[in-house]
Structures are given as C-alpha cells and as structure tokens.
Amino acid sequence: MACKFSLEASCHPPRKSLLKVRVMDFITSTAILPLLFGCVGIFSLFKLLQRMRMKAYLRNAVVVITGATSGLGRECAKVFYTAGARLVLCGRNREALEELTKELAASLATKVQTHKPYTVAFDLADPGAIVAATAEILQCFGYVDVLINNAGISYRGAIVDTTPDVDKKVMETNYFGPVALTKALLPSMIKRRQGHIVAISSIQGKISIPFRSAYAASKHATQAFFDCLRAEMEQYEIEVTVISPGYIHTNLSVNAVTADGSKYGVMDKTTAQGRSPVEVAQDVLAAVGKKKKDVILADLLPSLAIYLRTLAPGLFFSLMASRARKERKSKNS
Ligand SMILES: NC(=O)C1=CN([C@@H]2O[C@H](COP(=O)(O)OP(=O)(O)OC[C@H]3O[C@@H](n4cnc5c(N)ncnc54)[C@H](OP(=O)(O)O)[C@@H]3O)[C@@H](O)[C@H]2O)C=CC1
Ligand SMILES: CCCCCCCCCCCCCCCC(=O)OCC(=O)COP(=O)(O)O
C-alpha cells in the first residue's frame, strides 16, 4: 500500500500547498471524514430537538410579563407572542398596554397560532394591588406557566445625598414587588408541580458600581432571593431563571430616580450604546425555552469584571474607587 505521506511528485509544489495536500490526503484516507459528518449530524439533530422542545414549551403557555409597556418587557411581549404564548401583559400604564395589544394583533401571522393578550394594570410598589392582580390572572387563566419579573427602575445618586424614601422606592419596585408577585403565584404552581419563574436582574446584581447603590442593592437582593427559590422549588419541578443583562438601549436611564426622588430624565451614553432590546428579548426567550438557571447577557468587560470581583476583590475595589473619583470630578467640573 502506498504511503500517503511519501513525496511522490517529481515537481515539488510550494511547502504550504504540499502541507494542504497531505492534510487533505490524510482526511480522505482515514475515518475522520465520516466521523466529522457524524458529529455535525448529531449536533444538528440535538439542536433541532432542542428547538422543537423549546417551541412546544412556550406554545399556548400562560406567560405573565411585568413592565411590558416599554423597553425589554415590550420586546419580550413580541417574541413570546410570536412563539404562541398566551400573554398577560402588566405595567402601570393601561393605555400603553392596550396599544401594545393592538400592535401585536396587527403583526404578521406566524406559523404558530397566536393569542390575544390579556392586560392587567397595577403598581408593583403596591402590595394590595399585587394580590388583586394575581387573583384576576388566576381567575381568568386558572394557572400561570411562566412569570417574567421584568419591570424595574434604576437610580443615580451618591449615598450621602440619597433619601431613605428613594432607597425604599427602588427596593419596592425591583425587589419587594417581584418577590410578592412570585409568592402570590407560587402556591398554584406548586399544586400543579409545574411553573417557571424568571427574574430580569442586571450585571449590577453581580457587581456594584459607584452611584448606583439602591439599584445594585435591589439587583443583588433579586439574585440572592431567586437563587434560594431555585433550590427550594426543585422538589416541585419549578424552574427558576435569573438573567443578568449588561446595558440595553431602553428608557431605563431616562426613567431612573435620583437622590432626591426626582426623575433623572437623561439618556446616558452607556444606555444609548447598549444592546438592542429586540436582540436581548430573543436571548431571554432562548434562556426560558432552554430552562437555563443563570444567564449573563453582556460584553466581555462586564463579564470579566464579575470574575475580577471574586478572584481579585482588592483590585476590583480600587478600580471602582477610581471610577467614583473620576465621576465626581467630571460632575464638579
Ligand atoms: N436598560 C438596561 O440597560 C438594563 C435593564 N435591565 C433591567 O431590565 C428591566 C427592564 O428595564 P428596561 O426595559 O430597560 O427599562 P424601561 O424603563 O424601558 O422599562 C421599565 C418597565 O418597568 C415598569 N415599571 C417601572 N416601575 C414600575 C412599577 N412601580 N410597577 C409596575 N411596573 C413598573 C415600566 O412600566 P410602567 O411605567 O408602565 O409602569 C416599564 O414597562 C429592568 O428590570 C432593568 O433593571 C437590566 C440590565 C440593563
Ligand atoms: C481581568 C480584567 C478585568 C477588567 C475589569 C475592569 C472593570 C470594568 C468595570 C466594568 C463595569 C461594568 C458595569 C456594567 C454595568 C451594567 O451593565 O449594568 C446594566 C444595568 O443594569 C444598567 O443600569 P444603569 O441604570 O446603571 O444604566
């Protein structure tokens, strides 16, 4: 048998192409090619099955989305609607919810059957309103398959200037509200031994940056609560997904509250340069469909910062202190 690696040609091709010829020869003469095709085939089949399972999971599922009036929540409404979910859209602005419902109904038909969303307007900072909203949802649908705790408010300010009322407002909206809504829906999920709770947290649920104390605290608390919930709900087969995005191009910074309680009203550069909420909503849909437990949706730097906080906290704290100095300086100049 001829050895494939011997140099047979009398006219020597250049070194690089010779190597190419040898590699190609090796691939075609061994079992590598069928093996490669086999692996690609198995991988594609796995992906196809995963996609099919994901679609079946969300089709006709009762999905409650808070903060559906704008930004990420609005885009989540669109992707879950297109996936065939039976939506319950929540927010404080009833008109914006109705407008979104009309927009969804007018959107192009998809391959799956879509359902007219149901809307419930309530304030997450009002515990009584949460109880009433839950009762309304359960009376209408009987159960909830997926709860997406997306609504939230951000904050900008120095700790020394911030009134306790501002700290409370941010914690009520971002932490106590979602916790109360989740607890109100849990008994029916436990009874069915089925359900999925999603929390839209933030990179700031993993690391704290200066002048975001109330926001970062509320998101750290969110991460902690839903991590505990995941462990406690495993026995009932209830899924818990915590999603931590980096900057998204929404009105979050415009709607942020400042140290004295007034509206910040500015579209920050970081927010404006953030990811498109349409793309982030697609990632949320995929994370829910794949029943992921903890997902970071951010660029390399924020993701590395999380590791730095754990592996070299001293260095991370110095970087944050320098960031605070710089921010203070630019504000005073
Ligand atoms: N944009 C970003 O850079 C990032 C955002 N996130 C998170 O994504 C989530 C969505 O924010 P995003 O879309 O960006 O911001 P938006 O300001 O566009 O949306 C916030 C939503 O929350 C709702 N909301 C606010 N306060 C309350 C309340 N008291 N009761 C009920 N609903 C309320 C608002 O509805 P309404 O005013 O009608 O009540 C609105 O629909 C938040 O949890 C945020 O922390 C995470 C990382 C980055
Ligand atoms: C090994 C090298 C590591 C280098 C790490 C350097 C440290 C860099 C710090 C990066 C900080 C990133 C902060 C990201 C914050 C973020 O994405 O927040 C998302 C939000 O929730 C936005 O809300 P906001 O109201 O603050 O706009």
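Order of appearance sets the numbers: ligands from 1, and atoms from 1 within every ligand. All residue numbers in this chain count up from 1 along the given sequence. Excluded from the calculations below are hydrogen atoms, water molecules and symmetry mates; all remaining heavy atoms, backbone and side chain alike, are included.
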What is the closest protein heavy atom to [atom], and at what distance does it sit?
| atom | value |
| --- | --- |
| atom 9 (C) of ligand 1 | N150 O, 3.0 Å |
| atom 8 (O) of ligand 1 | I200 CG2, 3.6 Å |
| atom 17 (O) of ligand 1 | N255 ND2, 3.0 Å |
| atom 35 (O) of ligand 1 | T69 OG1, 2.9 Å |
| atom 3 (O) of ligand 1 | I248 N, 2.8 Å |
| atom 48 (C) of ligand 1 | G246 O, 3.0 Å |
| atom 1 (N) of ligand 1 | T250 OG1, 3.0 Å |
| atom 30 (N) of ligand 1 | L124 N, 2.9 Å |

Is it possible for you to check whether R156 lies under 6.0 Å from the centre of the six-membered ring of F211, through NZ or CZ, and within 45° of that ring's axis?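 No, R156 does not sit over the ring of F211.
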Between R193 and Y236, is NZ or CZ placed under 6.0 angstrom from the six-membered ring centre and within 45° of the ring axis?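 No cation-pi geometry.
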Present, as a list of atom pairs with distances to 0.1 Å, all nitrogen or oxygen contacts under 3.5 Å between ligand 2 and the protein.
from     : atom 1 : to   : atom 2 : distance (Å)
ligand 2 : 18 (O) : Q204 : NE2    : 3.1
ligand 2 : 21 (O) : S202 : OG     : 2.7
ligand 2 : 21 (O) : Y215 : OH     : 2.8
ligand 2 : 23 (O) : Q204 : NE2    : 3.4
ligand 2 : 25 (O) : S154 : OG     : 2.5
ligand 2 : 25 (O) : R156 : NH1    : 2.8
ligand 2 : 25 (O) : R156 : NH2    : 3.2
ligand 2 : 26 (O) : Q204 : NE2    : 2.9
ligand 2 : 26 (O) : R212 : NE     : 2.7
ligand 2 : 27 (O) : R156 : NH2    : 2.9

Side-chain contact, heavy-atom cut-off 4.5 Å: H196 with L147?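 Sidechains of L147 and H196: no contact.
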Going by the atom numbers of ligand 1, which of them fall below 4.0 Å from some non-hydrogen atom of [X]?
| X | result |
| --- | --- |
| N251 | 17 (O), 18 (O) |
| Y247 | 3 (O) |
| G71 | 13 (O), 18 (O) |
| A151 | 22 (O), 23 (C), 24 (N), 32 (N), 33 (C), 43 (O) |
| D123 | 28 (C), 29 (N), 30 (N) |

Which atom pairs, one a donor and one an acceptor, fall under 3.5 Å between side chains of residues 293-308 and the rest of the protein, sequence neighbours left out?
from : atom 1 : to   : atom 2 : distance (Å)
D294 : OD1    : K206 : NZ     : 3.4
D294 : OD1    : Q223 : NE2    : 3.0
D294 : OD2    : K206 : NZ     : 2.7
S303 : OG     : D299 : O      : 2.8

Check: [X]/[Y] side-chain N/O donor and acceptor closer than 3.5 Å:
| X | Y | answer |
| --- | --- | --- |
| T163 | D165 | no |
| S218 | N174 | yes |
| T270 | D268 | no |
| Y264 | S154 | no |
| Y81 | H115 | no |

Is [X] touching ligand 1 with its side chain, its backbone, both, or neither, if touching means heavy atoms under 4.0 Å apart?
| X | value |
| --- | --- |
| L252 | both |
| K219 | side chain |
| Y215 | side chain |

Donor-acceptor check, side chain of K219 to backbone of I200, threshold 3.5 angstrom: yes or no?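 Checking the backbone N and O of I200 against the side chain of K219, a donor-acceptor pair under 3.5 Å is found.
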Give a yes or no answer on whether the side chain of S333 reaches the backbone of S330 with a donor-acceptor pair at less than 3.5 Å.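 Side chain of S333 to backbone of S330, a donor-acceptor pair under 3.5 Å: yes, one is there.
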Under 3.5 Å, N or O to N or O, is [X] touching ligand 1 that way?
| X | result |
| --- | --- |
| P245 | no |
| N93 | yes |
| G67 | yes |
| S70 | yes |

Can you tell which of [options] gets a heavy atom nearest to [atom]?
| atom | options | result |
| --- | --- | --- |
| atom 46 (C) of ligand 1 | C90, P302, S201, G152 | S201 |
| atom 25 (C) of ligand 1 | E75, R92, H249 | R92 |
| atom 13 (O) of ligand 1 | T66, L72, T173 | L72 |

Residues R230 and D227 bridged, charged N to O under 4.0 Å: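 Between D227 and R230 there is a salt bridge, with a charged N closer than 4.0 Å to a carboxylate O.
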Do the side chains of R86 and D145 get close enough for a salt bridge, i.e. N-O under 4.0 angstrom?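 Judged by the 4.0 Å cut-off on N to carboxylate O distance, R86 and D145 do not form a salt bridge.
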Apply side chain to side chain contact (heavy atoms under 4.5 Å, CB included) to L124 and E172, showing your working. CA-CA 7 Å; L124 274 167; E172 270 164 10; over 6 Å; no
Look at the rings of Y118 and F141 and say which category their plane angle falls in: under 30° parallel, 30 to 60° tilted, over 60° perpendicular.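 It falls in the perpendicular class, over 60°.
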Remaining members of V254's ILVMFWY cluster at a side-chain heavy-atom cut-off under 4.5 Å?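 Members besides V254, by chain and number: M267.
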Could you tabulate the donor-acceptor pairs under 3.5 Å formed by side-chain atoms of residues 61-77, not counting sequence neighbours?
from : atom 1 : to   : atom 2 : distance (Å)
T66  : OG1    : I148 : O      : 3.4
T66  : OG1    : N150 : N      : 2.9
T66  : OG1    : A151 : N      : 2.9
R74  : NH1    : E103 : OE1    : 3.3
R74  : NH2    : E103 : OE1    : 3.0
E75  : OE2    : K78  : NZ     : 3.4

